[in-house]
Amino acid sequence: LEVTPDGAMWLGTSSGLKRFSGGETRLFTEADGLPGSVVLALHSGPRGELWVATELGVAIYENGRFTRLALPKDVNLPRIFAIATAGEDVWLRDFFFRLYHWRDGRLLPIVELPEPFPTNVRTAHTDRRGQVWFGAGDGQIAVRDLKGAVTVRKLPVGGAARLFEDPDLMRYVNDFRIPLEICITSNVQTRAVKSYEEHPVRLYYDEGLVVTLNTDNRLMSGTTVTD
């Protein structure tokens, strides 16, 4: 599912690409220029173009038509499941969790991202500031800014008590609708936060993050979810 700047909503299906715009619905298929009929990923690019990955290749929809991504003869991109763009840079993640860097009609070696990102990346996402976020299979997150500088962060599961201190990371968590495992009593007891009144759970809720309430350890914390 993706929305382009013209207000159109796009839905990838196993039988083509659907566009909802101005009360009208249209289905695009291989007859319209799609490389394949099964849509695997969608991404709205910086010019308002729509990147579409199918089981048979990647295409760009712009100015009313599809243009297939022209690959060198010796290059084969397996099924692409995630796309992110930043300026002229395009990042693609395939079925095998490998990452590809595309620019100016050619694939470039990935030198700025450390392991495991080039070979074990699960998702790629462009935020409102043009930064590209990569999520690795081991729980690490890498952020590439517009100048190409990369910052690597570790995101522990349930480690959300101090999330509010990093606005960029909080936006990433919100954009990807990552549920937060909030254990209020445990956070106070372990001094992750000073008091119940200062706990950021209300802030997360007000900012629209997905919040779940948990006990952590009922025996040690002496609490239940209903308490």
Side-chain angles (χ1 to χ4, degrees), residues 1-21 25-108 110 113 116-127 130-142 144 172-178:
L1 187 66
E2 184 63 285
V3 178
T4 44
D6 60 2
M9 180 174 291
W10 302 80
L11 176 66
T13 75
S14 60
S15 57
L17 177 64
K18 284 188 176 181
R19 180 181 67 186
F20 303 88
S21 179
T25 302
R26 178 178 175 182
L27 177 66
F28 295 90
T29 66
E30 291 176 86
D32 300 295
L34 272 180
S37 60
V38 180
V39 178
L40 305 174
L42 298 171
H43 174 71
S44 180
R47 302 185 308 273
E49 79 279 14
L50 182 71
W51 290 73
V52 186
T54 74
E55 85 283 13
L56 296 178
V58 179
I60 304 167
Y61 183 80
E62 193 171 20
N63 299 323
R65 67 187 185 93
F66 290 97
T67 302
R68 187 160 182 163
L69 195 62
L71 296 173
K73 293 182 179 180
D74 59 339
V75 173
N76 176 42
L77 281 182
R79 289 172 288 175
I80 299 299
F81 281 82
I83 307 171
T85 56
E88 298 300 318
D89 294 296
V90 183
W91 302 87
L92 307 115
R93 191 273 284 179
D94 74 5
F95 175 78
F96 301 102
F97 305 110
R98 295 174 300 201
L99 188 65
Y100 299 88
H101 185 189
W102 174 270
R103 185 200 296 159
D104 297 331
R106 59 195 180 99
L107 289 173
L108 302 177
I110 299 174
L113 289 170
F117 294 97
T119 57
N120 189 18
V121 68
R122 301 307 172 100
T123 187
H125 171 75
T126 307
D127 66 20
Q131 301 179 122
V132 182
W133 294 68
F134 304 95
D138 64 353
Q140 292 188 83
I141 291 174
R144 182 182 185 272
Y172 175 91
V173 170
N174 198 13
D175 286 345
F176 276 96
R177 311 306 294 152
I178 298 174

Next on the checklist: Does any part of the side chain of Glu30, heavy atoms only, come nearer than 4.5 Å to the side chain of Thr54, both counted from C-beta?
Outcome noted: no
Next on the checklist: I need the Arg98 CZ to Leu92 CG distance, nearest 0.5 Å.
Outcome noted: 12.5 Å
Item to check | Considering all heavy atoms, the nearest Phe81-Arg79 contact | outcome: CD1-O, 3.6 Å
Next on the checklist: Quick check for you: to the nearest 0.5 Å, what is the distance between Thr119 atom OG1 and Phe96 atom CZ?
Outcome noted: 13.5 Å
Next on the checklist: Less than 4.5 Å apart, side chain to side chain, heavy atoms only: is that true for His101 and Asp89?
Outcome noted: yes
Next on the checklist: Could you work out, with ring-ring contact (aromatic ring centres under 6.0 Å, His included) as the rule, every residue matching Trp133, not counting sequence neighbours?
Outcome noted: Tyr172
Checklist outcome for this item: One should read off an interatomic distance between Leu69 CG and Leu107 CG, to the nearest 0.5 angstrom, of 8.0 Å
Checklist outcome for this item: Ala70 and Trp102 have their tightest heavy-atom pair at O-CH2, 3.0 Å
Item to check | Minimum-distance pair of heavy atoms, taken over all atoms of Arg103 and Arg144 | outcome: NH2-NH2, 4.3 Å
Just list the side-chain donor-acceptor pairs under 3.5 Å for residues 59-66, sequence neighbours left out, or say none.
| from | atom 1 | to | atom 2 | distance (Å) |
| --- | --- | --- | --- | --- |
| Tyr61 | OH | Arg19 | NH1 | 3.4 |
| Glu62 | OE1 | Arg47 | NH2 | 3.2 |
| Glu62 | OE2 | Arg47 | NE | 3.1 |

Item to check | Donor-acceptor under 3.5 Å (Ser21 side chain, Ala8 main chain) | outcome: no
Item to check | Side chains of Trp91 and Thr126 in contact at under 4.5 Å (non-hydrogen atoms) | outcome: no
Which side-chain N or O atoms in residues 37-45 pair as donor and acceptor under 3.5 Å with protein atoms at least two apart or in another chain?
| from | atom 1 | to | atom 2 | distance (Å) |
| --- | --- | --- | --- | --- |
| His43 | ND1 | Ile83 | O | 3.4 |
| His43 | NE2 | Thr85 | N | 3.2 |
| His43 | NE2 | Thr85 | OG1 | 2.7 |

Next on the checklist: Rounded at 0.5 Å granularity, tell me how far CG in Leu34 sits from CG in Asp32.
Outcome noted: 7.0 Å
Next on the checklist: I want to check something: taking the side chain as every heavy atom from C-beta on, are Leu50 and Leu17 in contact at a cut-off of under 4.5 Å?
Outcome noted: yes
Checklist entry - Which atoms form the tightest heavy-atom contact between Leu1 and Met9, and what is the distance? => result CD1-CG, 3.7 Å
Checklist entry - In Å, rounded to the nearest 0.5 Å, how long is the span from CG of Leu108 to CZ of Arg106? => result 5.0 Å
Checklist entry - Side chains of Gln140 and Phe117: closer than 4.5 Å at any heavy-atom pair? => result yes
Next on the checklist: Working to the nearest 0.5 angstrom, can you tell me the gap between Asn120 CG and Arg93 CZ?
Outcome noted: 9.5 Å
Checklist entry - Nearest heavy-atom pair of Val121 and Thr123: which atoms, and what distance? => result CG2-O, 3.5 Å
Next on the checklist: Ignoring hydrogens, what is the shortest heavy-atom contact between Leu113 and Ala142? Give both atom names and the distance.
Outcome noted: CD2-CB, 3.9 Å
